[in-house]
Amino acid sequence: MDKFQPNQSTTQSEIAKPMEVKTDLVTVHVDGKAVQLPKGENLLAAILSKKYNLPYFCWHPSMGSIGACRQCAITQFTDETQQKGRTIMACMTPVVDGMFLGLEHAPAAEFREQVIAAMMTNHPHDCPVCGEGGACHLQDMTVMTGHSHRQYQGLKRTFTNQYLGPLVNHEMNRCITCYRCERFYKDYAGGKDFSACGSKNQVYFGRQQDGVLESEFAGNLVEVCPTGVFTDKPFAAHYTRKWDLQSAPSICHGCAVGCNISVGERYGSVRRVINRYHNDINGYFICDKGRFGFAYVNGDDRINKISGIELATAFKPHEFSIAMARHNAKTTVGIGSARASQESNAALKQLVGRENFCSGLTELQQECLRSCQALMLQNRQASISDIEQSDCIIVLDEDLTQTSARIALAVRQATRNAAFDKAEQMGIPRWQDDAVRTAAQDLRSDLYLLQSKSCKLDDVAAFCEPMLPEQILELARDISDFANNPHPLGLAQTRTEGSHSESQTLLSRIVQSLQHAKRPVIIAGCSHWHLALLQAVEKLATHAPKNWQFALLPDAVNAMGLVSLMDEHTLSLEQLQAKDLSSSAVIAMENSLPAWSSEQRKQLAEQAETLVVIDHSRHQLSELADIVLPATAFTESDGVAVNYQGLAQPFFAVKPQVKPMHSSWQWCQLLDDVFGQGTLIGLQKLSQLRSYLTDNVTGYPDMNAMFAQHLLFKSARQPMRYSGRTAMIANQTVHEPKNPVDSDSPYSFSMEGPGNDDGYGHALPRSFSWAPGWNSNQSISKYQVKVGGVMSNRADMIRLVGQSEPSASRAQTSSSAKRNHRSQRILGLQLRQLEHLFANDEFAGKIAEFNLMAPPPCLLINTDDTGKFNQGTVSHVRVELTDNSSFIVQLIPCADIAKGVAYLHHPRANTSPLLDLVVSISTVSDADISAHQQQLSENLEQILQQKNRNLARLQQTDQRIPIQIVGEGS
Amino acid sequence: MFSQFRTMWLVLKHTFTKADTVEYPEQKPYLAPRYRGRIVLTRDPSGEERCVACNLCAVACPVDCIALQQTTDPDGRKRAEFFRINFSRCILCGFCEEACPTYAIQLTPDVELAEYERSNLVYEKEHLLIDGPGKYPDYSFYQHSGIAIKSKNKGEAEGEKPPVNVKGLMP
Amino acid sequence: MGLIEPLFPFIEMTIIILALILIAAFLVWVERRMIGIWQDRLGPNRVGPGGVLQSIADLLKILGKDEFTPKFADRFTFLLAPFIGAITILMSFAVVPFSKTIGVSDLNIGLLFFLAMTSLAVYGVVLAGWASRNKYALLGGMRAAAQTISYEVFMGLSMMGVVLLAGSFSLRDIVEAQQQSWFITSQWLGCFVFLVAGIAESHRLPFDLPEAETELTAGFHTEYSGFKFALFFLGEYLGVTLISAMTVILFFGGYLPPGFLADTVLGEIPSMVWFTIKVLFFIMFFILLRTSLPRPRFDQLLAFGWKVMLPLSLINLLMTAILRLTGVLGGVHV
């Protein structure tokens with residue numbers, strides 16, 4: 001199966017093609033000019049698609065129209081003389097053949113100006129201190145309508161603000177009551193704790209009382225809000241204007257979905273991440289982990305110098321080679337990583353050779369990922385837009401909101417498809433948001449959540465009763481059987497034991513839904529490494545009808561890339577442990593081996609003759625290592641990540657490397673003449689390395705065509721009004737160095753090159769979104785073929801598809817993997833890890849905001865299971881581990897957890913597998929509890945201190961920008 | 001040909017006119033208070049820094065010689081963590097002053113900016129900040145802005161109603 | 001004593017050369033001050049009393065500059081050109097009678113020697129333009145060549161009237177021939193043509209097209225700096241002095257005091273002083289020209305030369321010859 005052909009490259013537009021609905025084009029006259037618009041589309045979207053400027057606030061391409069803001073007024077003339085007409089709201093009017101419209105018609109233009117004037121009566125004089133300034137849709141629209149003078153002389157109404165948590169800031173005075181926030185938060189993302197209240201001039205958008213916004217998509221309010229009511233709080237703490245951000249297109253490294261993001265940098269530190277539109281993946285929204293989870297790249301824990309070898313301060317490759325040569329060993333074993341780029345993994349594999357390449361995964365993990373890969377290779381993995389269009393979704397044992405949040409948002413949208421169908425029958429256009437919702441009431445497409453614990457999608461699910469993991473597995477197998485023999489009656493006959501009558505009815509419900517569904521999607525994931533379940537899904541896929549789609553979600557950003565590099569020689573962690581490493585150098589690349597306990601890591605460090613760790617942040621393994629080489633994080637390096645679907649997407653550095661930091665692939669290349677076969681020597685440029693890897697490493701996708709196209713362009717990372725160039729390093733030197741040259745990517749570290757305008761229509765993703773008159777992210781519509789459609793400059797990516805061949809190696813290892821997979825039971829409870837978006841990730845623990853939002857150490861159990869703990873009177877329990885350590889967790893009984901399952905959460909799980917180590921759970925004394933609570937509040941204090949320290953450090957570095965960031969050489 | 005001779009004659013007559021030259025530095029020319037010279041940062045009437053680090057001066061600067069970083073004080077005021085003007089690049093065009101929404105940055109009639117070391121022309125905030133309000137003695141930005149600071153709560157700025165009671169029942 | 005005596009001419013020459021160079025340097029300051037005065041400014045007045053040492057300061061600065069030779073230049077010619085420019089002009093002064101007694105050489109073909117040297121001087125400019133391998137420099141050089149060749153013709157012709165009257169090519173003879181009346185009285189047309197041609201020969205404004213900075217950066221000396229540039233600079237101001245001196249010698253009685261003053265007390269003033277005063281007057285005239293007149297177009301310059309000045313100088317020569325032969329104009333009979 002490793003011999004798949006990755007060469008079948010497709011561009012995004014080709015992928016998107018089958019989804020595009022053919023609509024009739026009709027002729028509409030806009031300001032006397034005939035244009036072709038799709039019939040029945042809402043006029044605002046159609047006009048914006050033709051790149052006209054028309055102001056709007058409440059309409060959103062993903063959320064439809066409600067006609068609340070009255071901003072998109074235009075004139076509809078009665079006839080072609082264009083003399084008489086009436087003012088209409090473009091967003092509420094469908095396109096009809098032969099319309100005569102006046103965008104510039106004076107009464108309509110004046111109307112729009114007056115609407116802005118009315119909004120401005122209460123808008124505070126805040127722009128200089130507002131985080132939205134310079135990227136504000138309200139500013140843009142005000143300028144667009146020509147409103148320049150405030151005539152209202154009365155007093156402004158004011159509001160008090162709410163504390164909405166560490167991520168989003170609230171400033172209600174600025175509100176223009178467009179209702180977008182509520183429509184996104186409640187209607188689109190399913191949040192429960194945020195709403196509009198009050199009436200007329202006193203409408204207030206907020207929570208019932210101060211508190212952290214519960215939704216995992218709350219960060220999108222920052223982008224959804226047309227003005228500065230909701231702003232990015234961590235960004236505000238270390239703020240810079242949009243025009244000052246050096247930006248680069250990137251891929252979110254939070255999970256395997258591969259959402260497109262744009263990263264912004266200023267004065268050498270990464271400031272913020274915003275959504276970068278991609279019609280097939282993230283659309284207009286990303287989750288909060290993607291938006292705020294980058295902060296570790298600015299963290300205290302970054303490794304920024306070489307340790308373990310003596311080098312002069314200025315990094316020189318030959319000196320490095322000489323120093324490393326002393327550590328040469330007979331053999332070299334390389335440990336790859338699912339969070340490293342495809343280039344780095346492939347270069348490491350080439351460096352150490354295929355026999356010595358370790359995936360850094362346990363056998364169980366490898367097998368789980370191979371199941372995901374099997375579906376990927378069959379091209380059965382559904383994209384997010386596929387999921388959004390599905391009319392029946394079954395989620396198997398995966399808390400999507402906490403693991404792959406963007407998928408959960410898509411699943412939520414999919415449940416509306418029944419409503420859209422009904423509205424279509426009633427003749428209501430899809431974009432008439434309010435009408436569709438009124439018509440639909442509670443009508444939803446089928447969503448079956450087969451899970452052991454309630455999740456945030458429960459409110460839209462047709463079924464969400466918690467059940468045991470074994471039951472889920474059984475159901476999955478039953479569905480698989482059904483797919484093999486699609487006759488509901490036959491199925492009922494085969495399983496008539498009766499004892500499972502409840503699950504029988506559920507099964508028949510699911511089966512019926514699946515039979516009636518046009519585009520069903522079955523989703524499972526790797527969060528619990530439930531191999532049997534994944535294999536059941538894989539089997540199901542082999543004989544499921546072609547219209548069934550799947551989404552098997554791996555855990556890490558490039559897991560699919562890593563698994564495509566694995567072959568029959570690739571070592572698992574178990575094989576690595578069994579190997580004699582006494583005369584070996586071990587290179588662990590961007591892998592802290594979170595699948596291992598700290599004992600196992602220590603053992604590795606002792607066994608290996610030399611342990612070389614290449615990573616960007618400190619962890620236990622880097623502390624144990626003989627030599628630590630500082631790697632760049634994804635914000636400073638170029639590479640490719642393969643998402644769950646098999647889309648290989650490039651990401652680009654937002655700032656230059658500061659030596660001695662190098663990308664992991666560069667370290668592999670530098671280490672090659674000492675540890676490797678010397679094949680990588682001379683491949684200093686990424687383009688050289690890529691073409692070499694394409695030719696020589698199986699599993700490295702052929703992306704030459706894409707990257708060759710990139711080389712034709714040099715696009716700007718800095719906006720045209722990037723400021724302070726001659727002052728930002730003037731305190732260090734008044735000599736202005738030449739901008740750093742980026743020979744690896746099609747972007748320049750300057751404001752030179754196309755990218756600010758659409759004149760080229762080239763094949764590059766946009767580093768930032770801006771169009772004349774459109775400073776906010778709403779400018780994206782200028783770069784879409786049609787609003788909400790594909791980008792006019794196709795952001796290229798390569799899809800890894802091919803034919804899977806069942807390989808012998810897989811059959812062999814799967815048995816040992818099964819042996820490995822045991823469910824840990826304590827007190828008759830099956831222990832599972834509690835998934836949480838802001839926890840359970842080695843980097844989440846390094847982000848202060850996430851630590852504040854992570855749940856406290858806890859053990860979730862069913863209310864009926866409390867009896868197992870001292871007659872249900874205890875509030876805390878002590879969890880003891882095999883290594884004789886122990887910790888206290890809060891015991892939280894819940895009704896909606898399957899009986900016999902317990903969910904454990906503790907920060908230690910961020911870096912080590914906790915469940916395998918648990919020996920016993922015992923009660924604790926009151927003194928211990930108060931000590932524990934004391935500890936928790938101390939931790940909280942420490943987190944806040946750490947946050948302030950980090951900010952202070954960043955402010956220090958703002959004034960000592962490494963010259964390499966702004967200038968070449970030195 | 002005649003015009004050439006006439007020109008020469010007219011020029012020659014200037015032998016007896018007085019030179020317009022002002023012999024600076026012995027003779028100081030009069031520079032009006034709004035003359036565009038050295039840039040300063042002013043304080044509001046309460047003695048606090050006026051600059052809210054909004055970056056508008058930096059973006060208006062045609063030679064990009066202003067760099068700054070915003071920070072928020074515990075009392076809610078925005079402030080420049082650092083504010084640097086590279087006067088060796090500055091062309092004293094005054095765009096920064098025009099762009100400034102808080103009257104913080106002002107140009108003064110001091111034009112004597114000469115140094116032997118270019119690095120001495122890099123002014124940090126402590127060099128730029130003066131003690132007074134400069135040209136607009138009464139203006140205080142936070143009295144017009146909607147955001148709350150320690151000494152001014154919501155609804156207490158000029159031209160503001162008291163905050164709406166969101167939980168009130170009145171329409 | 002007998003050993004030193006043969007050295008006297010050399011000492012005289014050295015003094016003259018040094019004096020000329022000093023005058024040229026001094027002229028730079030004079031010019032800047034005068035232009036300043038005429039433009040209602042002060043001009044350089046900081047270095048030394050009234051700014052007289054400005055040229056010294058400028059000289060020190062210019063000598064302190066990097067002796068830069070572009071990589072693409074023809075090195076030898078590039079180095080040679082400024083020396084040709086300066087030396088030929090200096091050589092011309094060999095035949096100039098500064099006073100009754102002072103003068104390096106009294107060649108009987110002095111005037112021809114002067115013409116020969118000024119024609120050679122253009123090589124400095126042309127070679128500089130060519131050797132720089134720079135389009136501006138080359139254009140400047142070409143302009144200089146065309147300009148010099150054109151104006152050389154009637155410069156020579158304009159002087160022939162004087163030669164006819166004086167009956168000699170020796171400059172001292174020409175001066176002595178003006179004891180009765182200066183040649184300007186009869187040769188005013190020749191004087192005008194000579195002055196115009198002289199300005200063109202020395203590339204002074206308004207005829208400095210070879211170095212017209214608005215079009216050609218700095219023309220033929222675009223690539224020059226430091227000492228080599230100083231030589232061109234020296235050449236230019238020596239040229240101004242030379243043309244002024246020649247005008248005085250040919251038309252204004254050289255070192256002779258004006259005829260009506262010859263018998264008064266003023267006639268006792270050393271001839272050297274008269275010469276200096278007269279030369280200074282013309283230098284001032286040159287400066288005034290520079291201050292007041294704009295630069296013509298190059299085609300206008302050549303057209304003016306060939307279509308106006310050449311006929312004028314021919315008419316002047318013809319008339320002088322006719323009048324000389326008919327005896328209306330007196331003169332020294334050979």
Side-chain angles (χ1 to χ4, degrees), chain A residues 122-131 133-134 153-162 171-174 197-204 206 208-209 236-241 243-244 266-267 721-736 951 954-956 958-959 961, chain B residues 52-61 63-72 76-78 81-90 100-102 104 117-124 141-142 144-148 153-168 170-171:
Chain A
N122 288 318
H123 196 72
H125 184 56
D126 268 5
C127 297
V129 288
C130 174
Q153 297 296 319
L155 301 176
K156 290 178 179 179
R157 64 110 175 81
T158 58
F159 290 110
T160 44
N161 300 331
Q162 285 184 332
E171 188 64 50
M172 252 315 284
N173 282 357
R174 298 169 186 158
C197 58
S199 64
K200 63 181 183 81
N201 200 19
Q202 304 184 346
V203 178
Y204 189 88
Q208 197 197 6
Q209 57 197 17
H238 194 210
Y239 180 71
T240 199
R241 296 280 176 204
W243 65 65
D244 280 344
R266 177 76 170 165
Y267 298 147
R721 272 317 311 155
Y722 192 77
S723 80
R725 286 173 305 122
T726 65
M728 61 171 77
I729 56 156
N731 60 336
Q732 298 180 65
T733 170
V734 285
H735 305 288
E736 283 146 25
L951 184 62
L954 288 179
Q955 285 174 340
Q956 285 288 311
D958 285 344
Q959 302 197 48
I961 307 168
Chain B
V52 295
C54 70
N55 283 74
L56 282 178
C57 50
V59 76
C61 182
V63 290
D64 284 351
C65 73
I66 305 179
L68 66 154
Q69 169 61 49
Q70 190 184 76
T71 185
T72 312
R77 283 171 176 267
K78 307 264 181 190
E81 175 69 28
F82 74 89
F83 194 108
R84 185 178 305 127
I85 297 181
N86 183 355
F87 277 107
S88 70
R89 279 287 189 183
C90 179
C100 184
T102 67
E117 285 282 327
R118 261 170 76 198
S119 56
N120 291 346
L121 284 166
V122 179
Y123 280 41
E124 297 289 342
F141 171 75
Y142 285 104
H144 298 269
S145 162
I147 66 163
N153 222 325
K154 288 282 177 188
E156 291 174 5
E158 282 176 33
E160 278 188 357
K161 289 181 200 161
V164 171
N165 178 11
V166 182
K167 290 182 180 162
M170 296 302 283

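Just so we're on the same page: letters track the sequence lines, and every chain starts at 1. Only heavy atoms go into these numbers, but all of them, side chains included; no hydrogens, no water, no symmetry mates.
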For [X], which atoms come within 4.5 Å of any heavy atom of chain A: side chain, backbone, both, or neither?
X        : value
B/Tyr142 : side chain
B/Tyr123 : neither
B/Val63  : backbone
B/Cys61  : backbone

Worksheet item: For B/Asn153, which residues count as a side-chain hydrogen bond (donor to acceptor under 3.5 Å, both in side chains) partner, sequence neighbours excluded?
Response: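 By the side-chain hydrogen bond (donor to acceptor under 3.5 Å, both in side chains) rule, B/Asn153 matches no residue at all.
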
**OP:** Kindly write out the residues that satisfy side-chain hydrogen bond (donor to acceptor under 3.5 Å, both in side chains) with A/Thr160, not counting sequence neighbours, or none if the list is empty.
**Re:**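 Result, side-chain hydrogen bond (donor to acceptor under 3.5 Å, both in side chains) vs A/Thr160: none returned.
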
Next on the checklist: Which label fits A/His125 and B/His144: parallel for a plane angle under 30°, tilted from 30 to 60°, or perpendicular past 60°?
Outcome noted: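 Ring orientation of A/His125 relative to B/His144: perpendicular.
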
Looking at [Y], is its backbone amide N or carbonyl O close enough to the side chain of [X] to form a donor-acceptor pair, meaning the two atoms are under 3.5 Å apart?
X        : Y        : answer
A/Ser723 : B/Asp64  : no
A/Arg157 : B/Pro163 : no
A/Tyr267 : B/Leu68  : yes
B/Asn86  : A/Ala730 : no

Exercise. Step by step, would you call A/Phe159 with B/Val166 a side chain to side chain contact (heavy atoms under 4.5 Å, CB included)?
Worked result: CA-CA 8 Å; A/Phe159 290 110; B/Val166 182; 4.3 Å; yes

Report task. Specify the closest pair of heavy atoms between B/Ser145 and A/Val129, including all atoms of both residues, with the distance to one decimal. Result ->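 Answer, listing the atom of B/Ser145 first, then A/Val129: OG-CG2, 4.0 Å.
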
Locate the shortest heavy-atom distance separating B/Asn55 from A/Arg241; write the atom from each residue and the value.
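Heavy-atom minimum between the residues: CB-CG, 3.6 Å.
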
Taking it one step at a time, do B/Lys154 and A/Asn173 satisfy side chain to side chain contact (heavy atoms under 4.5 Å, CB included)?
-> CA-CA 9 Å; B/Lys154 288 282 177 188; A/Asn173 282 357; 3.4 Å; yes

_If only side-chain N and O atoms count, and only distance matters, is there a donor-acceptor pair under 3.5 Å linking A/Gln955 with B/Thr71?_
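Side chains of B/Thr71 and A/Gln955: pair found under 3.5 Å.
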
> Which answer fits A/Asp244, side chain, backbone, both or neither, if we ask what part of it has an atom under 4.5 Å from a heavy atom of chain B?
Replying inline: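 Just its side chain gets close to chain B.
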
query = Under a 4.5 Å heavy-atom cutoff, which of B/Glu124, B/Glu160, B/Lys167, B/Glu158 has the most pairs with chain A?
reply =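 Ranked by contacts with chain A, first place is B/Glu160.
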
field: A/Tyr239/B/Thr72 under side chain to side chain contact (heavy atoms under 4.5 Å, CB included): CA gap, chis, key distance, verdict
entry: CA-CA 9 Å; A/Tyr239 180 71; B/Thr72 312; over 6 Å; no

How long is the gap from [atom1] on [X] to [atom2] on [Y], to the nearest 0.5 Å?
X        : Y        : atom1 : atom2 : value
B/Glu81  : A/His238 : CD    : NE2   : 8.0 Å
A/Met728 : B/Arg84  : CE    : CZ    : 9.5 Å
B/Cys54  : A/Asp126 : SG    : CG    : 12.0 Å
B/Ile147 : A/Arg174 : CD1   : CZ    : 7.0 Å

In terms of side-chain geometry, is the basic nitrogen of A/Glu736 or B/Arg89 positioned less than 4.0 Å from the acidic oxygen of its partner?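 B/Arg89 and A/Glu736: salt-bridged.
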
Among [options], who wins on heavy-atom pairs under 4.5 Å with chain B?
options                                : value
A/Gly198, A/Pro124, A/Pro128           : A/Pro128
A/Lys200, A/Gln208, A/Glu171           : A/Glu171
A/Thr733, A/Asn161, A/Asp958, A/Asn731 : A/Asn731

